[in-house]
There are 2 protein chains.
Amino acid sequence: MPKTSTDSNIRSLPAGESLPPKTAKPVRAKTLKRKDQILEAALRCFTAHGIAATTIDLIRSESGASVGSLYHHFGSKEAIASALYMQGMEDHFLRLRTALNDCHSAEQGVKAIVKTYCEWISENPDWARFIFGSRGEALSEEQEQKLRQDNKAHFTYLQDWFRPYLDAGELKDYPFSIYHSLLVGPAQDYAKHWLSGRQKKPLRDYIELFCEAAWKTLAP
Amino acid sequence: MPKTSTDSNIRSLPAGESLPPKTAKPVRAKTLKRKDQILEAALRCFTAHGIAATTIDLIRSESGASVGSLYHHFGSKEAIASALYMQGMEDHFLRLRTALNDCHSAEQGVKAIVKTYCEWISENPDWARFIFGSRGEALSEEQEQKLRQDNKAHFTYLQDWFRPYLDAGELKDYPFSIYHSLLVGPAQDYAKHWLSGRQKKPLRDYIELFCEAAWKTLAP
DNA sequence: AACGTTATTAGAATTTAATTCTAGAATATT
DNA sequence: AATATTCTAGAATTAAATTCTAATAACGTT
């Protein structure tokens, strides 16, 4: 009985977590390759034609896979989008954590978050455009679940990272649930406008500015 | 030759503009009512089932209209979403301008923008959820065009409103294209999380905080 | 290296949903 | 009242997503 595979090619390992003890399903190299081909093709299609206008058949021909293969690996069109979304988030999260490792003050941390955010978007505009564009919809049960978990884990990681500085009074004491919004909200909004062509100046040009602004908001 | 009607029930009149001199097309009362019924039904459906899962047939039965009627008035499913989107934006823009009229300092203006933004979302959560959820996609040529114009007009309005204060040095002198992002970015991000259920505390509870934060960023 | 098992691929068949079309009813215009 | 236009209905069509059946390839086992 063929079963839609769910474990996609995970690139990052959640920092603190240990490997699940599971009854290892065999994962074939060719499978991962095909899945990646499909995801890449899908992103190309989404970028070129927009999410709504991208049909399964387009992804099929672009990826060289067959309909059967597509559905075997992902189960639905939505799931392809989901996977792309999740992959993007993971990629970004990982990068952010890496950046934070080199920071040793509240100010450095705050600025690193904003900077990393902007850089990721600048370097992966297609991916970012897709993620912004598909927000909300397009998440199946399972993936929605996983996204929440990931978000929460990420959130907790950040919280832990900042706690010492907070305790030391190096950071303004807002309710924590709001930190993320204060930090990346402005950059995110500008990014959206830039990605959609409504703003000309590249996001990159304003990185410094958004970093400064964020720090100004959060400095004690 | 029946033609898809394009002039939807506009609630706000762009402030500075005069009425177009057009060769008035007759607009029937019943027509507007039906269009509104359809839009309202559509919003209900989007809220209840999500945008992607809402079918034409669902909107049809919910609105009591026929397929023919639906297509006569809007021309496509996308166009229904577009109209809803536009209507929301207009509603919000109008409200914001009204609020700004009572402000007489940079600080008042800045805070009014953030406050109005938050209040509109808090009072129209379904509408807001839809707008955030449908971002980007779902705009037809014509409407895309109109949205850009509206945005630009709104933008210009804000710019004009703030210029005197900027000249008087009551406001930090950032590039103007970034003001909007600095102002509402944080509130917008939090709103998104709240609307999707990822954050519990209602946006309303943080209005003060976002206002203060915005002013802190923009104060000279 | 032959065998059985399971994963993968292919593409035809089916189902579901969006859109178009044709004709008739309602409303306005002369 | 005659005519033109807009609006409504629902059947017919088209397009796209998904399911299904069978064939092929990869893998572990012997």
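Chain A is the first sequence line, chain B the second, and so forth, proteins listed ahead of strands; every chain is numbered from 1.
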* Structure fact -> When rounded to whole Å, the CZ to P distance for the pair B:F74 and C:dT20 reads 16 Å
* Pick from B:V67, B:T55, B:I38: which one makes a side-chain contact (heavy atoms from CB on, under 4.5 Å) with B:R60? -> B:V67
* Does the side chain of A:R34 get closer than 4.0 angstrom to OP1 or OP2 of D:dA25 through an N or O atom? -> no
* To the nearest Å, give me how far apart NZ (B:K33) and C1' (C:dT27) are. => 14 Å
* Nearest to side-chain heavy atoms of A:V67, which nucleotide of D:dG10, C:dT9, D:dT18 -> D:dT18
* Asked: Quick one: do the A:Q145 and A:R148 side chains pair a donor with an acceptor below 3.5 Å?
  -> no
* To do: Looking only at non-hydrogen atoms, find the nearest pair between B:T116 and B:H92 and report the distance.
  => O-CE1, 4.2 Å
* **Any B:H72 side-chain N or O less than 4.0 Å from OP1/OP2 of D:dC7** => yes
* Return the value, rounded to whole Å, for the distance between atom CG of B:D57 and atom P of D:dT13. => 19 Å
* Ignoring backbone atoms, establish whether A:S66 has a side-chain N or O less than 4.0 Å from OP1 or OP2 of C:dA10. => yes
* side chain to side chain contact (heavy atoms under 4.5 Å, CB included) partners of A:K201, counting only residues at least two apart -> A:Y190, A:D205, A:Y206
* With respect to the side chain of A:S76, which nucleotide from D:dA17, C:dA18, D:dT18 is positioned closest? -> D:dT18
* Taking all non-hydrogen atoms of both residues, which atom of B:L209 and which atom of A:P175 are closest, and how far apart? -> CD1-CD, 3.8 Å
* **DNA chain C: 5'-proximal contact among A:G64 and B:G68 (nearest heavy atom)** => A:G64
* Within this structure, what is the CG-to-P distance between A:L70 and C:dA7, rounded to whole angstrom? -> 19 Å
* Asked: How close or far is atom P of D:dA16 from atom OH of A:Y71, stated in whole angstroms?
  -> 13 Å
* **Whole-Å distance separating the NZ atom of B:K35 from the P atom of D:dT8** => 11 Å
* Considering just the side-chain nitrogens and oxygens of A:H73, establish if one lies under 4.0 Å of OP1 or OP2 belonging to C:dA7. => no
* d(CD1, B:I38; P, D:dC7) in whole Å -> 11 Å
* Asked: Could you give the NZ-to-C1' distance, from B:K77 to C:dT16, as a whole number of Å?
  -> 12 Å
